[in-house]
Amino acid sequence: SAVISQKPSRDICQRGTSLTIQCQVDSQVTMMFWYRQQPGQSLTLIATANQGSEATYESGFVIDKFPISRPNLTFSTLTVSNMSPEDSSIYLCSVVYRGLQETQYFGPGTRLLVL
Amino acid sequence: KQEVTQIPAALSVPEGENLVLNCSFTDSAIYNLQWFRQDPGKGLTSLLLIQSSQREQTSGRLNASLDKSSGRSTLYIAASQPGDSATYLCAVRPYSGYALNFGKGTSLLVTP
């Protein structure tokens, strides 16, 4: 299975600022994703991080608000830009490790509180 | 649009009981279904994955079943322990991609 780390694990930020979250995987993976979990809600996919090309965003999420980088097959960043209190959530990266069943694995998450 | 529902939203049982968590989904065209566990303040831990062609998967005290035609899955936990206390999430993956559609989860409390 993949070992996934995220930095920071948590942060408290002021509105109007930006935060970049890092996701590091211990092995090369083809597919990386960023999810958001708002308080009391389930996980929602923000975007697929594509290596060497622009990320693919889900409906309701835009690149200006959530720019994503994926410079190689083991690393990705998600930036939450011009933050507001509504951005307070847990942000999780996930990967599909191409084993026999293509199980999806998740990082420990980044807890963000925007004041 | 795929909708995933988990019932009950919360469950409290005494230690040692067997229990069943339910998951239903509206679109039966799924590639697989995964059950996760989420502890407070932590990420998700994958428990079981069932391919669309399979009926069930087992791991230790956990057994997950899938009835794709009726859009249902159950997670059976045998001889529950306080350490099983967590939120259990069900997620389905469509044929058309890797993005998972999650339910809101069942919050389980096992009391000593």
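Proteins get letters first, then strands, A, B, ... in listed order; numbering begins at 1 in each.
Of residues 77-86 of chain B, not one residue has a non-hydrogen atom less than 4.5 Å from any non-hydrogen atom of chain A. Contacts of residues 100-112 of chain B with chain A at a heavy-atom distance below 4.5 Å involve B:L100, B:F102, B:G103, B:K104, listed in sequence order.
Note that A:R70 lies outside the cation-pi zone of A:F75, set by a 6.0 Å cut-off to the ring centre and a 45° limit from the axis.
Using a 4.5 Å cut-off between heavy atoms, B:L89 contacts chain A through its side chain alone, with no backbone atom that close. Residue contact with chain A, scored on non-hydrogen atoms closer than 4.5 Å, is absent for B:Q6. Proximity to chain B involves both the backbone and the side chain of A:L43, based on heavy atoms less than 4.5 angstrom apart.
Side-chain N/O atoms of B:N63 and B:E56 include a donor and acceptor closer than 3.5 Å.
Checked by atom type and distance alone, the side chain of B:S73 pairs as donor or acceptor with a backbone atom of B:S65 at under 3.5 Å. Checking side-chain atoms of A:S76 against main-chain N and O of A:S69 turns up a donor-acceptor pair under 3.5 Å. The backbone N or O of A:S81 sits less than 3.5 Å from a side-chain atom of A:K65, completing a donor-acceptor pair.
Residues B:Y31 and B:Q51 come closest through the heavy atom pair O-OE1, 3.5 Å.
The aromatic ring centroids of A:F106 and B:F36 lie less than 6.0 Å from each other.
In terms of heavy-atom pairs under 4.5 angstrom with chain B, the leader among A:Q41, A:Q104, A:Q37 is A:Q104.
Taking the charged nitrogens against the carboxylate oxygens, A:D11 and A:R111 have no contact shorter than 4.0 Å, which rules out a salt bridge.
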